[in-house]
Amino acid sequence: MRQRLLSEGARELSYEIREIVKKAEQLKKLGIDISWENIGDPIQKNHKLPDWIKDIIADLVRRDDTYSYCPSKGILETREFLARQTNAMGGVQITPDDICFFNGLGDAIAKVYQYITHTSRVIGPSPAYSTHSSAEAAHANHEPLTYRLDPDNHWYPDLDDLYNKVKYNPNVVGILIINPDNPTGMVYPLETLKRIVEIAREFGLFLVADEIYLNITYNGARAYSLAEIIEDVPGISMKGISKELPWPGARCGWVEYYNRDKDEDFNRFCQALDNAKMIEVCSTKLPQLAIPKILGDPRFREYREETNQNIGRRSRIIADILHSIPELTFNETFGAFYNTIIFRDGVLKSDQKIHIGNPAVRTLVEGWTQENIALDKRFVYYLLAAKGVCVVPISSFCSELQGFRVTLLEEDEATLVRTFEAIRDGIKEYIHS
Ligand SMILES: Cc1ncc(COP(=O)(O)O)c(C=O)c1O
């Protein structure tokens with residue numbers, strides 16, 4: 001090429017949640033039955049939407065106006081509905097003009113970081129959900145900037161680490177919170193969130209809260225929304241229907257701008273995000289039409305509560321199976337539908353194995369693990385090949401910890417138990433080999 005084609009930041013783009021699938025597919029060809037624990041898609045794990053939800057969508061599909069473009073920021077009635085929901089929480093107040101729709105929250109995440117000045121940084125949690133960390137790092141041409149989530153303190157943010165990194169890095173303009181969190185499944189206490197707001201206020205930062213799991217909490221937990229705690233600090237809440245409905249294939253998410261009037265620079269940034277969407281014309285319309293009809297239906301709360309209870313039950317089953325392995329740091333989860341399980345320091349070594357009977361499978365895995373790869377990735381490959389369970393190594397979530405992420409989505413309880421017993425047996429065999 002006459003000039004260099006690829007930006008430096010493109011190096012930061014990786015998504016192990018889908019990369020691992022390529023390995024699993026190779027094993028499938030060799031006859032291994034795979035249990036997919038890598039991706040947070042309830043539908044892929046056999047969750048069925050209730051018929052009343054499907055009926056609403058089917059009615060919309062029959063209407064001619066469903067097929068046209070819609071306003072760039074999204075359908076006004078839907079934004080009015082969502083603004084009412086946020087305002088009813090009694091915190092920050094917004095208008096429909098403070099909401100903009102995107103093609104899935106992934107699209108919103110990419111745009112938010114894209115339009116921040118290259119030298120300015122948004123610090124995010126580690127382990128990090130890679131859609132955020134990769135997009136932020138790619139915009140900055142630099143590795144992700146993170147604060148620690150502490151596995152020895154319920155995976156809550158290490159607030160001293162956050163404070164110090166913000167204080168001593170003047171390039172930090174924003175703090176990302178994911179609550180409830182992916183990949184840890186943790187729900188943050190009110191005091192923790194309030195402290196993060198204080199830090200943002202002290203240093204003149206804006207907050208980004210990914211709240212795609214806001215209404216997925218269980219076993220007594222309740223997630224506080226950014227709207228409830230932000231007071232006068234500028235912020236962006238990110239929401240969507242991929243998890244709560246769940247309808248990930250709809251590619252529909254939205255952002256809510258809080259306190260635009262408190263900071264002109266922030267206000268211009270929000271305007272730029274709206275303009276970016278305008279250039280694209282608009283986002284997916286069908287799910288926007290469906291949102292007020294489904295989320296506003298009294299049956300939705302009941303359905304969500306029942307679905308959450310099921311996730312909560314699975315969280316306990318998984319805890320029962322895995323919490324007593326002394327070589328692991330295990331935290332029971334209270335939100336979203338993941339758990340991140342950590343091997344204690346020094347437990348993983350580069351010569352451990354799980355027995356693999358099939359010689360072709362064994363050769364394949366030995367090939368994958370020949371290179372110098374992260375020790376948790378090595379474990380994940382052996383677990384995949386020997387037990388057919390596909391999890392994601394936590395080192396690929398911008399973390400120095402060694403571990404793996406599982407989902408809490410398996411609807412069939414017998415399969416769930418079988419899968420997690422296989423994980424437990426795989427861990428024991430691997431670390432004692
Ligand atoms: C924390 C978080 N944010 C955003 C997304 C992306 O959501 P969407 O399907 O709306 O792009 C996910 C998907 O797993 C997620 O876990």
Subject >> Distance, nearest 0.5 Å, that separates CD1 of Ile53 from CD1 of Ile294 >> reply: 5.5 Å
**OP:** Mind jotting down which residue pairs meet the ring-ring contact (aromatic ring centres under 6.0 Å, His included) criterion with at least one end in residues 199-221? Sequence neighbours excluded, please.
**Re:** Tyr163-Phe203, Phe206-Phe266, Phe206-Phe269, Tyr213-Phe337, Tyr213-Tyr338
Subject >> Whether Tyr129 and His132 hold their rings parallel, tilted or perpendicular, with breakpoints at 30° and 60° >> reply: perpendicular
**OP:** Considering only NZ, NE, NH1 and NH2 on the basic side and carboxylate oxygens on the acidic side, decide whether Arg201 and Glu231 come within less than 4.0 Å.
**Re:** yes
Original post:
In terms of side-chain heavy atoms, does Arg313 have a donor or acceptor partner in Asn219 at a distance below 3.5 Å?
Top reply: no
Original post:
Which pairs with one or both residues in residues 214-226 pass salt bridge (charged side-chain N to carboxylate O under 4.0 Å, His left out), sequence neighbours excluded?
Top reply: Arg222-Glu228
Original post:
Should the pair Glu411-Lys48 be classified as a salt bridge under the 4.0 Å nitrogen-to-oxygen rule?
Top reply: no
Original post:
Parallel, tilted or perpendicular: which fits the ring planes of His47 and Tyr303, with parallel below 30° and perpendicular above 60°?
Top reply: tilted
**OP:** Could you list all the salt bridge (charged side-chain N to carboxylate O under 4.0 Å, His left out) pairs where at least one residue sits in residues 115-130, not counting sequence neighbours?
**Re:** Arg121-Glu136
Original post:
Which distance, rounded to the nearest 0.5 Å, do you find between the CG of Leu82 and the CG of Asn87?
Top reply: 10.5 Å
Original post:
Once you round to the nearest 0.5 Å, how far does CD1 of Ile216 lie from CD of Glu211?
Top reply: 13.0 Å
Original post:
Is a donor on one side and an acceptor on the other found under 3.5 Å between the side chain of Ser399 and the backbone of Leu401?
Top reply: yes
Original post:
Tell me, which pairs form a salt bridge (charged side-chain N to carboxylate O under 4.0 Å, His left out) where one or both residues lie in residues 187-196, sequence neighbours left out?
Top reply: Arg195-Glu198
**OP:** Please collect all side chain to side chain donor-acceptor pair (under 3.5 Å) contacts where either partner lies in residues 269-281, sequence neighbours excluded, each pair once.
**Re:** Lys73-Asp274, Asp107-Lys277, Lys111-Glu280, Tyr257-Asp274, Gln271-Asn275, Lys277-Glu280, Lys277-Ser283
Subject >> Residue of the set Phe330, Phe379, Phe397 for which ring pair (Phe, Tyr, Trp, His ring centres under 6.0 Å) holds with Phe404 >> reply: Phe379
Subject >> Check against side chain to side chain donor-acceptor pair (under 3.5 Å), Thr184 and Thr340 >> reply: CA-CA 5 Å; Thr184 66; Thr340 288; over 6 Å; no
Original post:
Going by distance alone, is a donor N or O of one side chain under 3.5 Å from an acceptor N or O of the other, for His118 and Asn141?
Top reply: no
Original post:
What is the distance from atom OG of Ser68 to atom CZ of Arg63, rounded to the nearest 0.5 Å?
Top reply: 10.0 Å
Subject >> Pair Asp41 + Lys243: basic N to acidic O under 4.0 Å >> reply: no
Subject >> Distance in Å, Asp320 CG paired with Glu421 CD, rounded so as to fall on 0.5 Å steps >> reply: 10.5 Å
Subject >> Residue among Thr78, Ile56, Ile57 satisfying side chain to side chain contact (heavy atoms under 4.5 Å, CB included) with Lys293 >> reply: Ile56
Original post:
Relative to the ring of Tyr382, is the ring of Tyr430 parallel (under 30°), tilted (30 to 60°) or perpendicular (over 60°)?
Top reply: tilted
Original post:
Once you round to the nearest 0.5 Å, how far does CD1 of Ile199 lie from OH of Tyr147?
Top reply: 9.5 Å
Original post:
Can you list the residues that meet the side chain to side chain donor-acceptor pair (under 3.5 Å) rule with Trp254, with sequence neighbours excluded?
Top reply: Glu256
**OP:** Establish, yes or no, whether the cationic atom of Lys45 lies under 6.0 Å from the six-membered ring centre of Trp36 and within 45° of the ring axis.
**Re:** no
